[in-house]
Peer 1: 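The following block contains the structure, expressed as structure tokens.
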2 protein chains.
Amino acid sequence: MSREPWVEGIDIGGTTIKAALVDYGGEVRALESTSSNVENLPSFKRSFGGLLAKLGKKVLPGARLAAAGIGCKGVVDTGTSRIRILPGQFAFLEGLRLDRLISDALGFSLPVSADNDAKTALVGEQRWGAARGKQHVVLLTLGSGVGGAFLSAGAMVRGCSEIAGHLGHVTVDFQGPLCSCGNRGCLEAVFSARAIEGDAVASIRRGCESPLRAKFAANPESLTCLDVFTAAASGDPMARGIVERAVAALAAAMAGMAHALDPELFILGGQIAEAGPTLFGPLRKDFYGRTLRLVGRRIPIRKAALGESAGVLGAAASAWKVLESDSLRFLAPSRLRGERSARRIHR
Amino acid sequence: MSREPWVEGIDIGGTTIKAALVDYGGEVRALESTSSNVENLPSFKRSFGGLLAKLGKKVLPGARLAAAGIGCKGVVDTGTSRIRILPGQFAFLEGLRLDRLISDALGFSLPVSADNDAKTALVGEQRWGAARGKQHVVLLTLGSGVGGAFLSAGAMVRGCSEIAGHLGHVTVDFQGPLCSCGNRGCLEAVFSARAIEGDAVASIRRGCESPLRAKFAANPESLTCLDVFTAAASGDPMARGIVERAVAALAAAMAGMAHALDPELFILGGQIAEAGPTLFGPLRKDFYGRTLRLVGRRIPIRKAALGESAGVLGAAASAWKVLESDSLRFLAPSRLRGERSARRIHR
């Protein structure tokens, strides 16, 4: 008798690497995590192997691992699961095949689905979250950087080399600040945790007055984006100036996406989306001011529904998708066989 | 015996309305045009009727009209051929069904394909021009305004309400000049014939020195975008400043599209694309500077191949596409019939 299938959802994030066992209904049956703070490939592999080993022990006797899904920053070749482009923290992963990373860690091989983490997040929202039943959806992950993904007519738009969906790198200020990608004035260079924190530290250094100044005088590097949002909400003019400008950039980028992509819905995920009404209130006001005339309707802007587990759930949803398309592939010939034998009987 | 089928391609442009008879190979067999300078719906219908009547007389005895295609600014509902949103010059066409406009003008009805003019232009380039054989293509029409359309995995991206592809309204300057659409700092508000002309007139009014100043002192409104490009090419600092800034905005908008859509190819059409190397040289330099790092390759930027007839050829290509999908629909049942009778024979 076949046991209940589970999949493994793995999220390689900037702070932690998480892995979860997820069932067909999207229930997280077990979760493990480890710090992302590793310097090179060998220590990454050790820590990744330890994580999957710990999780593997939690597979119950009545269940079996059917597949694994993995989401990672950068450009992932979904055909081979190879990480093609990944600048920054995890640059040592460039060229690595994620399916082999997983089978090496597990000691056996499984069907593996690997993709950019914003794309897996959208697959998760499409299967179990805010995008259920929607065909045209834009998702933005607002974190230390800004990731993105979008569905057009129900399908993930990937472009000709899987770079499509890098919505953190649409330009919102063509003469603006240099971005880590080499472009100027990317959304991420104006609206992201790193950009907002940088703006606050630079404003303090320029001598602007703010309660944040005394608080972080000794250690300005410990100031976080959340501190800036909190100070803005409590009326600090410097923090308000920074947040208002960043939110205007996000509203403007989303207005451009509305005109270019015409989605039914925007979904915002990531740590900054946790700012809640402080973000969503002014964002909606500015965004509708920019789009109502041409779009002619208020496109809903919703918070991602899968919350803290969005990363592992998205990766798990991608794994389920691969399993389903595999079983379709297996079904097809048997169905044909079925037809043929039926015809024989008929004769 | 069936005569050679032709289609009618119609382009409702800001300066002229053009109509052509086009054969299956994309050859223009006859072309007529009339001024767009009409004030209201009755005079538009008169002038449109006259145009189609003149063209109708040119259908040779060996040919027959099989369909009509029509391209128009704004948002066109492709299911019903109704113009949904069309601000500005032709606002009186809002709500009009283009298939009825055509059958009223012809006195008989034909299969009609109606679409936004940038989308028909891309269908034309896909069938007979620079996008042949390509699956992921972005087209921009650089004229008095900026239009756009793009193919993802071979299909036109339309969004959930046919607004997708309004690439002239992606934001490039989130705190920038107000656009006719209500957004701020749209590409079209910085790079378009109207924006460039406006910049030149405003610079002259502010007292900037330029040979354009004396030339257009008496009638600043007669200054054209081409005059600004020509002055820039001959070294006029004011004109160069205006053109460099506008080209940087275009390069930045295209960089954002490269990161969001990952096309194989950009195609630039419209009157400003005629500026040739004066535009394409600095544009490519700025664009590759903004995209090489993340995209990792030089996405080609080509001029539209269909030139002056792009409008009518694009509309004609859309009509051929509809005819083909119609004949597929008609073919399908007959093929099924064919299969069934073959089986019967086999028995």
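Just so we're on the same page: letters track the sequence lines, and every chain starts at 1.
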Peer 1: Do the side chains of S180(A) and E188(A) get nearer than 4.5 Å, heavy atoms only?
Peer 2: yes

Peer 1: Applying side-chain contact (heavy atoms from CB on, under 4.5 Å) between L140(A) and each of L122(A), L250(A), I267(A), report the one that passes.
Peer 2: L250(A)

Peer 1: Suppose a student defines contact as a heavy atom less than 4.5 Å from any heavy atom of chain A. Which residues in residues 162-176 of chain B would they list?
Peer 2: E162(B), I163(B), A164(B), G165(B), H166(B), L167(B), H169(B), V170(B), T171(B), V172(B), D173(B), F174(B), Q175(B)

Peer 1: Taking side-chain hydrogen bond (donor to acceptor under 3.5 Å, both in side chains) as the definition, give me every residue that meets it alongside T120(B), ordered by chain and number, with sequence neighbours left out.
Peer 2: none

Peer 1: Starting from the C-alpha separation in whole Å, work towards a yes-or-no answer on side chain to side chain contact (heavy atoms under 4.5 Å, CB included) for V190(B) and R245(B).
Peer 2: CA-CA 8 Å; V190(B) 188; R245(B) 185 171 166 275; 3.8 Å; yes

Peer 1: Testing I299(A), L261(A), L283(A), L139(A) one by one against F266(A) for a side-chain contact (heavy atoms from CB on, under 4.5 Å), which residue passes?
Peer 2: I299(A)

Peer 1: Check each atom of I85(A) against the heavy atoms of chain B and say whether the ones under 4.5 Å are side chain, backbone, both or neither.
Peer 2: side chain

Peer 1: Would you please test D117(B) and K73(B) for salt bridge (charged side-chain N to carboxylate O under 4.0 Å, His left out) and show each step?
Peer 2: CA-CA 5 Å; D117(B) 57 353; K73(B) 299 223 173 307; 2.8 Å; yes

Peer 1: Of the backbone (N, CA, C, O) and the side chain (C-beta and beyond), which part of A260(A) lies under 4.5 Å from a heavy atom of chain B, both, or neither?
Peer 2: both

Peer 1: Heavy-atom distance under 4.5 Å to chain A: side chain of A248(B), backbone, both or neither?
Peer 2: both

Peer 1: Please classify the contact between A149(B) and chain A as side chain, backbone, both or neither, with a heavy-atom cut-off of under 4.5 Å.
Peer 2: neither

Peer 1: Shorter than 4.5 Å, heavy atoms on both sides: which option in A155(B), G182(B), S161(B) has the most such pairs with chain A?
Peer 2: S161(B)

Peer 1: Please report the C-alpha distance between Q126(B) and V137(B) in whole Å, then the side-chain angles of each, then the deciding distance to 0.1 Å, and finally whether the side chain to side chain contact (heavy atoms under 4.5 Å, CB included) criterion is met.
Peer 2: CA-CA 9 Å; Q126(B) 190 182 16; V137(B) 181; over 6 Å; no

Peer 1: Check each atom of S152(B) against the heavy atoms of chain A and say whether the ones under 4.5 Å are side chain, backbone, both or neither.
Peer 2: side chain

Peer 1: Name the option with the most non-hydrogen atom pairs under 4.5 Å to chain B; the candidates are Q135(A), R297(A), R158(A).
Peer 2: R297(A)

Peer 1: For the candidates P263(B), A255(B), A249(B), which exhibits the highest count of non-hydrogen atom pairs separated by less than 4.5 Å from chain A?
Peer 2: A249(B)

Peer 1: Should L86(B) and F92(B) count as side-chain neighbours, where that means a heavy-atom distance under 4.5 Å?
Peer 2: no

Peer 1: Sort H136(B) into side chain, backbone, both or neither according to what part of it lies under 4.5 angstrom from a heavy atom of chain A.
Peer 2: side chain

Peer 1: Indicate the atoms forming the closest heavy-atom contact of I272(B) with C225(B), along with that distance.
Peer 2: CD1-SG, 4.0 Å

Peer 1: Before accepting this row, confirm whether a basic side-chain N of the pair D199(B)/R206(B) lies closer than 4.0 Å to the acidic partner's carboxylate O.
Peer 2: no

